[in-house]
2 protein chains.
Amino acid sequence: MSAEPTRVRGRRPPQGDPVVDRAFALLAAFDAGHRSLTLGELSRRSGIPTSSTLRLAGRLMAWGALERGADGRFTIGLRLWEVASLAPRGQGLKQVALPFMGDLEEVTRQHVLLAVREGTEALLVERLSAHQAMDVLYRVGGRLPLHSTGVGLVLLAFAESSFQESVLVQPLTHMPENTPVSPAALRRTLAEIRRDGLATFRRRAPQPLVSVAAPIFAADERVVAALSVVVPQEHAEPRLLGPAVRTAARAISRGLGARRAIGAPPA
Amino acid sequence: MSAEPTRVRGRRPPQGDPVVDRAFALLAAFDAGHRSLTLGELSRRSGIPTSSTLRLAGRLMAWGALERGADGRFTIGLRLWEVASLAPRGQGLKQVALPFMGDLEEVTRQHVLLAVREGTEALLVERLSAHQAMDVLYRVGGRLPLHSTGVGLVLLAFAESSFQESVLVQPLTHMPENTPVSPAALRRTLAEIRRDGLATFRRRAPQPLVSVAAPIFAADERVVAALSVVVPQEHAEPRLLGPAVRTAARAISRGLGARRAIGAPPA
DNA sequence: AGGCACAATGCCGCTCAATGGAAAACAACT
DNA sequence: AGTTGTTTTCCATTGAGCGGCATTGTGCCT
């Protein structure tokens, strides 16, 4: 009966995720270490078959979410950057903060960081660094741990307590040194930060440094971001840095519409 | 015959664009004047029926491309900003340029702009502005005309000649004043810019200002961006600004890997 | 408090856009 | 010319996406 070889081409394969999710999976295949990808890499990293990857990537290119160089490698497109710059917690925040960050940088001549909380990490929204500043730690758009950076501690200290607990439950370590963090000590640190409206974080490795961070309040009186300066240990005069950071943070809060923007305890 | 009311629910409606295009149409519904949208607004601005908009927006939220506030309004999500920050022509460029832009700002105490070409316009990648600087003109992520801004003229002057012609063919006007641009004069201006590696653009309204711009070269020796300072007319000493901008632009080019980065004519 | 307009969400049966394996075209190596 | 890996084209199938409609929620003007 099967004289004819009956083409089995066309049998619809089992499907994966919905199209939209796949499209964004393509975008998520890019990271700091992989800013440009070939079709094959894109396919492997996103887990989508090559042919589907090509079809989808083609659509993303047509819109401008991806670009393709002369060598055939894909990169994130400028059109995506353009709409993404409308993110209130990204560019919107940065726009208000940047001039004040510039002031801080001029005074300290080191690094000035602006970060927000995203999930269980801090996301670096902006960084100003003088030429003569110490080696760079984090890049803009990158993620920082909440429990072992100045900005992270501030964001954690002013987060909802339910979220704090979920973080404190997990085992935490300071990363380059790989030393464990005591939950009790961290709890005490967070209380101090809330009391002072200021966090001071010291790190030994890779270089000894001090980070002084303060919260930034939005119009609804909640903490939306953290501002900090990072200076080398020997350079440090935290007693002088504290007021400077707090003042800048307060100025930014006022720029965001906060009225009673705190930064110091009522008494 | 039609005794039964025969439910016509379910008849598949005529479809619009493919899903992926629609998803990005949702993102494109946001702009500088509309950073947050209700479901209805999002639906109207993207041309997608409400129910479909809700379903799609839900998926975008699950991924983090959109966020929804307590008031039900949608905004661009931070996760999108995060991947978009990997765009080589956006953040990548900015990362190299920022320190040198900072130097320029400190000297001039006014605006420093960094822009790339995107389609027939310039896209503002970064802007530094001192507090005491004159009123702000453009925002980061916004678009500028090629033919009536300093950075735009540089990008146009160093673009492929086929593209230049396509621009020169169209009728152009300087915008706030609404005066027409003479193609012959523009052609001469572009030739001068190529010769000098420097553009000087003056504008009367809304305030008299001078913009001095220089090209930034990438590793392949092509112009990928333009750098400029914008200062008020009375303040201006273009003879001094020129070398400063050119030096900074050259430093950035070198940072991008350009070896023979020009900025002045060979002789 | 009733009526009106608009916004947001839930529901569901129909179909066509999206699907991935196969194979061809292309490239870069021996 | 053979081997290996990447990119692109082709296509028969089918479940994910479709939007009209109904319902509920929310302000605003009588």
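Just so we're on the same page: letters track the sequence lines, and every chain starts at 1. Hydrogens, waters and symmetry mates are skipped; everything else that's a heavy atom, side chains included, is used.
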Let me know the distance between [atom1] of [X] and [atom2] of [N], rounded to the nearest Å.
{"X": "B:D71", "N": "D:dG27", "atom1": "CG", "atom2": "P", "result": "11 Å"}
{"X": "A:L39", "N": "D:dT7", "atom1": "CG", "atom2": "P", "result": "5 Å"}
{"X": "B:L54", "N": "C:dT9", "atom1": "CG", "atom2": "C1'", "result": "6 Å"}
{"X": "B:I48", "N": "D:dC18", "atom1": "CD1", "atom2": "C1'", "result": "12 Å"}
{"X": "B:L42", "N": "C:dA7", "atom1": "CG", "atom2": "P", "result": "13 Å"}
{"X": "B:D21", "N": "D:dC18", "atom1": "CG", "atom2": "P", "result": "11 Å"}
{"X": "B:R22", "N": "C:dA18", "atom1": "CZ", "atom2": "C1'", "result": "14 Å"}

TODO: Measure the shortest side-chain to side-chain distance between B:L156 and B:Q164 over non-hydrogen atoms and say whether it is less than 4.5 angstrom.
DONE: yes
Open item on the list: Just to be sure I understand the rule, does B:R73 reach a base, reach only the sugar-phosphate, or reach nothing, if contact means heavy atoms closer than 4.0 Å?
Closed with: nothing
- [ ] May I ask you to say what A:T38 touches in the nucleic acid, namely base, sugar-phosphate or nothing, with a heavy-atom cut-off under 4.0 Å?
- [x] sugar-phosphate
Task: Side-chain H-bond candidate by donor/acceptor type, A:R55 with A:S52, under 3.5 Å - done: yes
TODO: Establish, for the pair B:R117 and B:F163, whether the NZ or CZ atom is under 6.0 angstrom from the six-membered ring centre and no further than 45 degrees off its axis.
DONE: yes
TODO: Give a yes/no verdict on a cation-pi contact between B:R89 and A:W81, requiring under 6.0 Å between NZ or CZ and the six-membered ring centre and an angle within 45° of the axis.
DONE: no
TODO: For the pair B:R73 and B:E41, find out whether any cationic side-chain nitrogen is under 4.0 Å from an anionic carboxylate oxygen.
DONE: yes
TODO: Answer yes when A:D31 and A:R143 have at least one side-chain N-carboxylate O distance shorter than 4.0 Å, and no when they do not.
DONE: no
Task: Residue whose nearest DNA chain D nucleotide is more 5′ - A:S51 or A:V19 - done: A:S51
So, OP1 or OP2 of [N]: does either fall under 4.0 Å of a side-chain N or O from [X]?
{"X": "A:R59", "N": "C:dA18", "value": "yes"}
{"X": "A:S52", "N": "C:dG20", "value": "yes"}
{"X": "A:R55", "N": "C:dA18", "value": "no"}

- [ ] Take the C1' atoms of the five end pairs on each side of the helix from C:dA1-D:dT30 to C:dA28-D:dT3, get both axes, and report the angle to 10 degrees.
- [x] 50°
TODO: Using a cut-off of 6.0 Å, state whether more than 12 heavy atoms not belonging to B:R222 lie near its atom CZ.
DONE: no
